[in-house]
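A short write-up of the structure that comes next.
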Amino acid sequence: MRIATWNVNSVRTRLPRVLAFLERSGTDVLAIQETKCRADQFPTEAFAAAGYEVAVTGYHQWNGVAVVSRVGLEDVETSFGGQPLFGKEGVDPALEARALGATCGGVRVWSLYVPHGRTLTDPHYAYKLEWLAALRARAQEWVAAEPDLPLGLLGDWNVIPRDTDVWDVSAFEGHTHVSAPEREAFEAFAASGFTEVTREHLPAERTYTYWDYQQLAFPRDKGLRIDFAYASKALAARVTGVTIDRDERRGKGASDHVPVVLDVAAGPGPR
DNA sequence: ATGGTAGCCTTGCTA
């Protein structure tokens, strides 16, 4: 089974590329981020025609996450328990469409779009740290309740965990994504029993998953590694390989992120 | 040379 994650930066604009990726990669389950549409605007019929069931959440033109699967799709949750709300000053705090969980082919898959943070002094930054801490607390509970659960936390984490995950870390001094609290919040998932399987299988430095649209970042290979997959012990043991589809960044109409694909061996099966 | 890109509910915000 292949399980992938991809921040598509608008599923409606990217639809032909997403369908082509599913076909050529043999992906069975895709966790999508930044769908940028409401559920009623999501191109559900196009995925159904390709053999995929769909679970989506989205409230307006920003954020939005989904899981599409051709190996079953059950027990959908459109947020995690304790997921923090966000509201700018003078606006009532609201739940954002940044997390969706579904069970596909026996694997609990979460599609996650971690808040960006904007700047180190923006309320959005505190929200980001709170969001990561709340997710970790909840994920730890899920595994404690069910130690054999194959669980994947897949998505755009908006954290650059290591200096070698960016073309020039000095360019990020004083910016989000590289601050110590963000890195600690990211690494804490390992202490909670999760393995970041993309690093495990692709340990090379300067292995990027995102290149900005501006200033010829991709031709100059000025990239970031910010898309990851934390797996519970039961899932990590079944991951046999990871691929980053770098070619997907080429050409007109690319997302700024590329897909990250996990090869997952068959599970122990029903008892 | 103080810009540059892309997407959305586009004359501003988000990334």
* **Of all pairs that satisfy salt bridge (charged side-chain N to carboxylate O under 4.0 Å, His left out), the ones with a partner from residues 2-23 of chain A, not counting sequence neighbours** => A:R2-A:D263, A:R17-A:E248
* Letter per nucleotide, 5' to 3', of nucleotides 6-15 of chain B [B base touched, S only sugar-phosphate touched, - untouched; heavy atoms, 4.0 Å] -> SBSB---BSS
Extract all donor-acceptor atom pairs below 3.5 Å that involve side chains of residues 55-63 of chain A and protein atoms in other chains or at least two apart in sequence.
unit_1, atom_1, unit_2, atom_2, d
A:H60, ND1, A:W62, N, 3.0
A:N63, OD1, A:R98, NH2, 3.2

[atom1] spacing across the pair [N] / [M], given as an integer number of angstrom:
N     : M     : atom1 : answer
B:dG7 : B:dT2 : C1'   : 24 Å
B:dA1 : B:dC9 : P     : 38 Å
B:dG3 : B:dC8 : P     : 26 Å

* To do: Please name all residues satisfying side-chain hydrogen bond (donor to acceptor under 3.5 Å, both in side chains) with A:S111, sequence neighbours left out, ordered by chain then number.
  => A:Q33
* Who pairs with A:F194 by ring pair (Phe, Tyr, Trp, His ring centres under 6.0 Å), at least two apart in sequence or on another chain? -> none
Please list every donor-acceptor pair under 3.5 Å in which a side-chain atom of residues 77-84 of chain A meets a protein atom from a residue at least two apart or in another chain.
unit_1, atom_1, unit_2, atom_2, d
A:E77, OE2, A:R108, NH2, 2.7
A:Q83, OE1, A:F80, N, 3.1
A:Q83, NE2, A:E96, O, 3.1

